[in-house]
Number of protein chains: 4
Amino acid sequence: MLLIPTIIKEIETVLSQVKENQLQNIAGQLQKAKRIFVNGEGRSGLMAKSFAMRLMHLGATVYVVGETITPSIEEGDLLVAISGSGTTKNVVWTAEKTNSLGCSVVAVTTNPESALAQAATTVLHVPAATKYRRENELKTIQPLGSLFDQCAHLVFDTLCLLYSALTQVDHDAAFGRHSNLE
Amino acid sequence: MLLIPTIIKEIETVLSQVKENQLQNIAGQLQKAKRIFVNGEGRSGLMAKSFAMRLMHLGATVYVVGETITPSIEEGDLLVAISGSGTTKNVVWTAEKTNSLGCSVVAVTTNPESALAQAATTVLHVPAATKYRRENELKTIQPLGSLFDQCAHLVFDTLCLLYSALTQVDHDAAFGRHSNLE
Amino acid sequence: MLLIPTIIKEIETVLSQVKENQLQNIAGQLQKAKRIFVNGEGRSGLMAKSFAMRLMHLGATVYVVGETITPSIEEGDLLVAISGSGTTKNVVWTAEKTNSLGCSVVAVTTNPESALAQAATTVLHVPAATKYRRENELKTIQPLGSLFDQCAHLVFDTLCLLYSALTQVDHDAAFGRHSNLE
Amino acid sequence: MLLIPTIIKEIETVLSQVKENQLQNIAGQLQKAKRIFVNGEGRSGLMAKSFAMRLMHLGATVYVVGETITPSIEEGDLLVAISGSGTTKNVVWTAEKTNSLGCSVVAVTTNPESALAQAATTVLHVPAATKYRRENELKTIQPLGSLFDQCAHLVFDTLCLLYSALTQVDHDAAFGRHSNLE
């Protein structure tokens, strides 16, 4: 069995269940937000950082929860919170706190009934296998939450495309914001 | 045009040019290395971190260059260095230094003639578009190096699958090493 | 008023209340631990990272909670958890979880009655002002928890000195472990 | 010998050679800068992050080189670059690049003749021992660059005090910007 085509097929199966019009709606929320905060732990947290970096290139004001210069979150800000299981303690708690401040919370999770989903104003359901291998999860040849991380990566990058269409930021403008100190 | 299928098609086009037997060879090098170091900047650096985290779950001794507890690199260690363009200064210099110590360097890059590739003992060529949009690069609808980052992510995860087959680490063992403090 | 001497005087006042024989005891715990984990958020978390980095130079096996390659914590490991107020949610929860696994927890805090202190097996009380400016706190000319961070830094570095005396790691051995990729 | 008083005495000796009117001048530069970038590696890099975090609390627009959402540096921005030896490759190169863009560079180093100092527009000389233990360095009982890191921490916090006096940010305003998601 070739592995790469198998992995791509797994991703396709999951993402065929994500609706692009929901992504369009979320891109609109990102555009309207005063500032965007992202939060996640582990590998899906790295995907959230990757998302934040590209949003910065595309002109958004965006912060990663837990990084050095991240300020307090305020009215008008939006949080994108990711957890495959929807139970990562720090991510759930942060979403609840943000929600309680009246801010929008977009939850990216495999479990629309999880604590994270319940703290969200919008649930972006990505039905991939998680490290818990619950019974109703899709089968995968990959360890832990790899399939979820891959799908989250592509969903975030699709949001970036939709966002850049809304804000009309082209490649050159994005290139100009890319770090020039590396 | 639906975006997700377009992105997946772009990824497929790039990865159809990556040979799984080369990945098998690299997985063998990872298994034989005393310790594995990874290095990258920006979004592809986040993919390298994601790779390192999963290798840790799979039982490898692995470090991220620049993180807090990363020790000096020594004989017998292996460096995986990633840069789309192959020109990121810090990544190139680190690869050159590692090579000069007699360690193996696996370079992941779009450019097999780049300075990074020249400092490597193995070049893993991922022929995706970079933020420089050189003439011979594949076309992409995505900004900057997004396509490269996506392909690197899947190549790294394929390496993880091959590595876990070699070391016979199963899902439960990997789950047991996953952080229990989040 | 000269600021630097005033800051140093503030630090001296706080640290005169920290007993070196308690630090000696903690250094002994660090030496006996199978592995050391550190955890903290914000500026005091950066001091914990600084501590972890030096302990690595001195030969300890040490991890920072939340960094890429940090594995699960297990019996025989020790956690150093820092929070000025002793109430930082993530730090408290991590300490409680670690304690419940039967591991030692050294809490560094201004408040020996805090939730963090209660989750600890050893409380290292550093009686500096915190960002909450409680009534009984020492006066400081500095904003937020700066004085606590400074005192934590020096307490951690004193622990490093005591640890290196116990393990007999000299300057040259430490220098050899310092990253050679920067 | 008691260690804490010895460490404090070492710090006092170094900092007695730092002029507060130079710090006042640098605080003025920080206030005038459009945005502040900080850069450093290892433990002194953690002190730079700590500085950046407090400057954010005090109302500055500040970024850490290498973190996720750090944009490109532009005219009118100022870089604070720290390296004990003044030779850390990545820090020197970043300072040179910044200088070439016409931006101010404040170098914090023990060596006013180092490559870093030469790339700077202002050199803040902190004459502590470094990990290289050059002949003319002050004696220290501490390993590697610990004394430099400690002195850098206090110098940065003194700059914060001077900066807050210039911008008239009080404790409550700073508290309001402190992360409310931890």
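Letters A, B, ... are given to chains in the order of the sequence lines, protein chains preceding strands, and every chain is numbered from 1.
- Side-chain contact between B:Glu74 and B:Arg35: present, with at least one pair of heavy atoms (C-beta onward) separated by less than 4.5 Å.
- Most heavy-atom pairs under 4.5 Å with chain C, from the set B:Thr94, B:Val64, B:Ile73: that is B:Ile73.
- Heavy-atom pairs under 4.5 Å with chain C were tallied for B:Thr61, B:Val65, B:Leu181; the largest tally goes to B:Leu181.
- Counted by atom type alone, B:Gln150 and B:Gln142 present one or more donor-acceptor pairs between their side chains at under 3.5 Å.
- Chain B forms more heavy-atom pairs under 4.5 Å with one residue of C:Glu182, C:Lys97, C:Met56, C:His178 than with any other, namely C:Met56.
- Of the listed residues (B:Gly66, B:Gly176, B:Pro71), the greatest number of heavy-atom pairs within a distance under 4.5 Å of chain C belongs to B:Pro71.
- Classification of C:Lys34 and C:Glu75 as a salt-bridged pair fails, no side-chain N sitting under 4.0 Å from a carboxylate O.
- No side-chain heavy atom of C:Val106 sits under 4.5 Å from any side-chain heavy atom of C:Leu79.
- For the pair B:Ile82/B:Val91, no side-chain contact is recorded, criterion being any heavy-atom separation below 4.5 Å from C-beta on.
- Looking at B:Thr68, both its backbone and its side chain come within 4.5 Å of chain C, counting heavy atoms on both sides.
- Contacts between B:Leu101 and chain C at a heavy-atom distance below 4.5 Å involve the side chain alone, from C-beta outward.
- Below 30°, between 30° and 60°, or above 60°: for C:Phe37 and C:Tyr63 the angle between ring planes is between 30° and 60°, a tilted geometry.
- Counting heavy-atom pairs closer than 4.5 Å to chain B, the top-ranked of the candidates C:His57, C:Arg177, C:Glu67, C:Met53 is C:Glu67.
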